[in-house]
Peer 1: 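Before anything else, here's the structure in question.
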Amino acid sequence: MTRARWAEAGALLATALLVLALPQLVYPNFFRIDDAANENLPFYREMGRLWLAGEWPILTTQTFWGGNILVDMVLSPLAPQTIVTSLVAALSGSLFWATQTNAGLNIALTMLGGVWLGRVLGLGPGHRGLLGFLAATHPVFLYFFAASWWNLASAHAWFVVALAALLQLHASMRPATYAGAVGSLCCLMASAGTQPQLAWGVIFAVTLTCDLFEHRRWQRAAVLVSVLVAAILVAALPLMAEYVATAGVHDRPSVVTNSGNFLVPSWGHVVNHFNPLYGTYLRWFDGYRYFPLPLAYATVLSLPVLMLCRRWLPMTGALRIVAVGALLLLLLAFSPQHFGPVRWPLRFLPAWSLLVAALVLAHLAAAPFDLSPQRQRRYLAALVFFACVQLFSADSVVFTADRIGLVMMFLLLGLLPLVALRRGASAQALPVHALACVLAWAILHVTWPTMAYGYWPDPDLPDTIAKPEGAGYTVGLAGFEGSGKASAADLQSGQFLWYGLRSANGYSPVGHVGIREWFPSQSPHGFFHPVRTVRNLTADAGIDGAKVHELFGIGRIFVRARDLSPELDELIESAGLAQRPLDEQRVVLEPRRPPALQGTLSHVSQPGTVRLAQAPRMREEWFDVDAAVAARTLVFARVWWPGYSATLAGQPLPVQPWRGALVRLDLPPGAQGRLHLQYEPVSWRFTRWSPVAGLVLAVGVGLALRRRERE
């Protein structure tokens, strides 16, 4: 590698470390907020423990799955970043190192992909480095994906790389570029981020169409199609087939509506998008999660290109693909919020903004500009117009110090590109362009309010939290957001997993239809109804007098004291639960006596006739069954999914769901012998060999390309 390449690699690494470090200087908990604290961190550590035990982390041993549609798959257990992060979390037990690993990998990969894309588009080292920086600092990627939605962060990072690899393959049909396109797309498919996958699919369709028009060779089209088919077979099908196969068990809202949808951009945002600070709207919603995000942070330099460009670059080759793809992704960004796989359309914004930034930088690097006095006056008038829009929009309070300061900073950032262009050569203008982007990004961190202060305020909780064996699953029905997380009783239910405490459906009680009946919530993201949930858990299950919490194997329930009532006190008493005050606000409910059964078996209609023999793996258990005169009903504290099977003395035994929620077995009179209960995803029976087929296809096409290259 040449000295120039080493210098570029060093600059890339240093910039990635800067992007990783700066948000945490402002908010130390930046990368462990919201979903990261409730889903990713706890579940990743649990998945890491399963990897170390030699098991596939499709289900875990410590939680009832059911949230966000097969949470284990949504969190992309087989994505490279997830595997590395989960192992770090399991081995270190450190919140800091887990978050640094995940965020660092995704930031570095996104930046690398942006640099590669710039190289494919013919940009010089400085401009392609700036493109990588803009890709890694887009607000949606950095504030939502990397800080909260880790699966989306991984998916977007691989989207950027897979996009560059696809365009590289379009430009050069070589074995190496083909391998890069297939490998990066497999990683994108394994990352389980629907919107980045759809964004790649849109650009793939444009690329395929352009390739057919340019070359009119079906062989080239077949090579491009084989990339998609191979990645689907290797990575997408084994994961997403289970979601399709279990469609009747889970439920997720999918409607065509934008009612009250603050997560879909408005056209007013398009008019106002040239301000990368977006201070007015941020102040209006006063919270990182409740503001309309800027459409084009990464296009901070777009206004001078639109207004001062004398002649646009011809849209040929990769630039044409990027331009058409940007237009289609902008339309997707305005799709309805809950509409199937395109839900939460703001997730398309980082991909859209990356494409626009690539076009802008290509023009800044090569297009001729008209800097006549008349053009410059028009540009300054546009700056003033957008500054006034910022100053007078969103609310009635106008002339405040922070508002005026943001507008003045916007004007400064708008003038910097003009100064750069007046200097003439692109190489001379580049440092000023980079300065404008860095300033915009840095100002975001000191002006945007975030929720980072409300999650994990301590660097690490102590490792001395009591972890009593046999306590059963823990249910957190008392929310204590923003409190000092000093003990397990203060954690949300998903966070219990981080400390090895089994949690009844770690975060969100939606997804599994049967589970949702017992854990009522207000929204698709699990804001519990504590009173209704306590009532359900203490109710009679309608099977031999068993209570619901017994069948679920729940050992502790944390509730707010104000949610209890005399009526609930009677139910709690009759359910065999005792109340233990933690303080003036919190109460813990615990069984008066420990469960007598072992393993996940939580109920036998004739006690003492079924005993745990061994549980060698998370997905299977063996029991010794004694003969009995009457038929017996067995209920296991395992969430029922299609894919459970059982044998008794080697003979198949039907597995049924109990109330659509738990696993149930009915033993006929006189049944005896060794009972084997196991789970295997129902889709594996027809997707087991799909990765092999995908690899065979990819290798075959690669060999064909190599043969043609030699000829």
Side-chain angles (χ1 to χ4, degrees), residues 59-66 246 249 469-473 475 502 504-505 512-515 517-519 536-555 575-577 591 593-682:
L59 293 177
T60 78
T61 56
Q62 302 297 332
T63 187
F64 284 133
W65 287 111
T246 59
V249 184
E469 296 296 332
Y473 289 90
V475 183
R502 294 191 296 170
N505 197 8
H512 194 287
V513 176
I515 295 295
E517 180 180 347
W518 304 109
F519 296 91
N536 287 3
L537 290 174
T538 55
D540 192 309
I543 177 171
D544 299 326
K547 302 295 182 181
V548 174
H549 75 89
E550 294 173 345
L551 297 183
F552 275 84
I554 293 171
L577 295 170
R593 55 185 180 275
L597 301 173
Q598 294 179 321
T600 63
L601 183 61
S602 58
H603 175 76
V604 183
S605 56
Q606 293 187 22
T609 58
V610 180
R611 300 177 303 279
L612 177 69
Q614 58 177 319
R617 298 175 64 84
M618 171 268 296
R619 292 196 296 264
E620 64 176 345
E621 290 178 295
W622 298 80
F623 297 87
D624 288 326
V625 178
D626 296 333
V629 176
R632 283 164 289 179
T633 298
L634 281 61
V635 178
F636 298 84
R638 289 174 170 267
V639 175
W640 183 82
W641 294 103
Y644 271 102
S645 62
T647 60
L648 180 60
Q651 298 301 314
L653 191 66
V655 181
Q656 303 293 332
W658 175 78
R659 300 286 293 271
L662 300 178
V663 173
R664 169 179 175 166
L665 290 177
D666 292 319
L667 303 183
Q672 62 178 330
R674 182 59 64 91
L675 172 65
H676 184 209
L677 177 68
Q678 64 176 342
Y679 169 83
E680 183 177 280
V682 67

Peer 1: Compute the ring centroids of Phe623 and Phe636, then answer whether they are less than 6.0 Å apart.
Peer 2: yes

Peer 1: Taking Thr600's backbone N and O only, do any of them form a donor-acceptor pair with Glu621's side chain (distance below 3.5 Å, no angle check)?
Peer 2: yes

Peer 1: Which heavy atom of Ser605 sits nearest to which heavy atom of Thr633, and what is that distance?
Peer 2: OG-N, 3.0 Å

Peer 1: Could you tell me if the side chain of His603 sits less than 4.5 Å from the side chain of Leu662, heavy atoms only?
Peer 2: no

Peer 1: Taking salt bridge (charged side-chain N to carboxylate O under 4.0 Å, His left out) as the definition, give me every residue that meets it alongside Asp540, ordered by chain and number, with sequence neighbours left out.
Peer 2: none

Peer 1: For Leu612 and Gly599, work out which heavy atoms get closest and say how close.
Peer 2: CD2-N, 3.7 Å

Peer 1: Do Arg674 and Asp624 sit within salt-bridge range, that is, some charged N less than 4.0 Å from a carboxylate O?
Peer 2: yes

Peer 1: Sequence neighbours left out, what pairs pass salt bridge (Lys or Arg N to Asp or Glu O under 4.0 Å) with at least one residue falling in residues 593-612?
Peer 2: Arg611-Asp626

Peer 1: Hey, are the side chains of Val663 and Pro657 touching, using non-hydrogen atoms and a 4.5 Å cut-off?
Peer 2: no

Peer 1: Taking the inter-plane angle between the rings of Trp658 and Phe552 on a 0 to 90° scale, is it parallel (under 30°), tilted (30 to 60°) or perpendicular (over 60°)?
Peer 2: perpendicular

Peer 1: For Glu680, check side-chain hydrogen bond (donor to acceptor under 3.5 Å, both in side chains) against everything at least two apart and list the hits.
Peer 2: Arg688

Peer 1: Within a strict 4.5 Å, meaning less than it, do heavy atoms of the Val548 and Asn536 side chains meet?
Peer 2: no

